[in-house]
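One structure is given here, and the rest of the page talks about it.
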Amino acid sequence: MSNIQESLDGLLSIDGAMCAALVDSASGMMLGNAGSGVDIELACAGNTEVVRAKLKTMKSLQLNDFIEDILITLGKQYHIIRPLENKPDIFLYIVLDRAKSNLALARRSLVDVSSKIQF
């Protein structure tokens, strides 16, 4: 088990990691963050809307499923959103430099961290 800051700091060891945050999707509030490179508070609020929109669409489609992760691929960055398994209203968010990162390893690291994070 790791606390929030240890978990976020650990995510920054991923190749290409720029910043990471833990976000409450109910409020859009950031519970913790590490790193730099983007306005993380603004990004967390915006990505809360992404999660809410996807959940609303899934409900409209009557999909009996859950979000494992959401990948947003930009020209120079990857943005990955991963709801916690035991608290799906809270998600990990990480921004990666696309030229320096390995997407598969980053997603694997998010799975590991999301299972160990402790409040």
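Quantities reported herein were computed from a predicted structural model and do not represent experimental measurements.
Side-chain heavy atoms closer than 4.5 Å link hydrophobic residues (I, L, V, M, F, W, Y) into clusters, and following such links, even through other members, never connects L110 to I67. Hydrophobic clustering keeps I4 apart from F91 (ILVMFWY residues linked when any side-chain heavy atoms are closer than 4.5 Å, directly or through intermediates). When the side chains of ILVMFWY residues are joined at heavy-atom separations under 4.5 Å, either directly or via intervening members, M18 and I70 end up in a single hydrophobic cluster.
Interatomic distance, L84 CG to I90 CD1, rounded to the nearest 0.5 Å: 6.0 Å. In this structure, OG on S114 lies 13.5 Å from NZ on K87, to the nearest 0.5 angstrom. Rounded to the nearest 0.5 Å, atoms CG (L8) and CG (L31) are 9.5 Å apart. To the nearest 0.5 Å, atom NZ of residue K59 and atom NZ of residue K54 are 15.5 Å apart. Put simply, CD on Q5 and CD1 on I117 are 9.5 Å apart, with the number rounded to the nearest 0.5 Å. A distance of 11.0 Å separates CD1 of I72 from CD of Q77, quoted to the nearest 0.5 Å.
Residues R82 and V111 have side chains in contact (heavy-atom distance under 4.5 Å, counting atoms from C-beta outward). Counting only heavy atoms from C-beta outward, the side chains of I94 and H79 never approach each other to under 4.5 Å. Side-chain contact between L71 and L103 is present, with heavy atoms from C-beta onward closer than 4.5 Å. Considering only heavy atoms from C-beta on, I14 stays 4.5 Å or farther from S101 through its side chain. The shortest side-chain heavy-atom distance between P88 and F66 does not fall under the 4.5 Å cut-off.
Salt-bridge annotation for K116 and D112: absent, with no side-chain N of the basic residue lying under 4.0 Å from a carboxylate O of the acidic one. A salt bridge does not link D97 to K76: none of the charged nitrogens lies less than 4.0 Å from a carboxylate oxygen.
Judged by distance alone, with hydrogens and angles left aside, the side-chain atoms of D39 form a donor-acceptor pair with the main-chain N or O of L42 at under 3.5 Å.
Minimum heavy-atom separation, A26 to R52: O-NH2, 2.7 Å. Of all the heavy atoms in G28 and T48, the pair that sits closest is CA-OG1, 3.4 Å. Heavy atoms only, all atoms of each residue included: V51 and I81 are closest at CG2-CG2, 3.7 Å. Closest approach of C19 and V38 over heavy atoms only: SG-CG2, 3.4 Å. Across every non-hydrogen atom of M58 and D65, the tightest pair is CE-O, 3.5 Å. Of all heavy-atom pairs between T73 and Y78, the closest is CG2-CE2, 3.7 Å.
More than 12 heavy-atom neighbours from other residues, nucleotides or ligands sit within 6.0 angstrom of CD on E49. Atom CG of N86 has more than 12 neighbouring heavy atoms from other residues, nucleotides or ligands inside a 6.0 Å radius.
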Show the numbers, then the answer: is there a side chain to side chain contact (heavy atoms under 4.5 Å, CB included) between D9 and E6?
CA-CA 5 Å; D9 289 341; E6 288 173 348; 5.8 Å; no
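Of the candidates L96, L92, L22, L11 forms a side-chain contact (heavy atoms from CB on, under 4.5 Å) with just one, namely L92.
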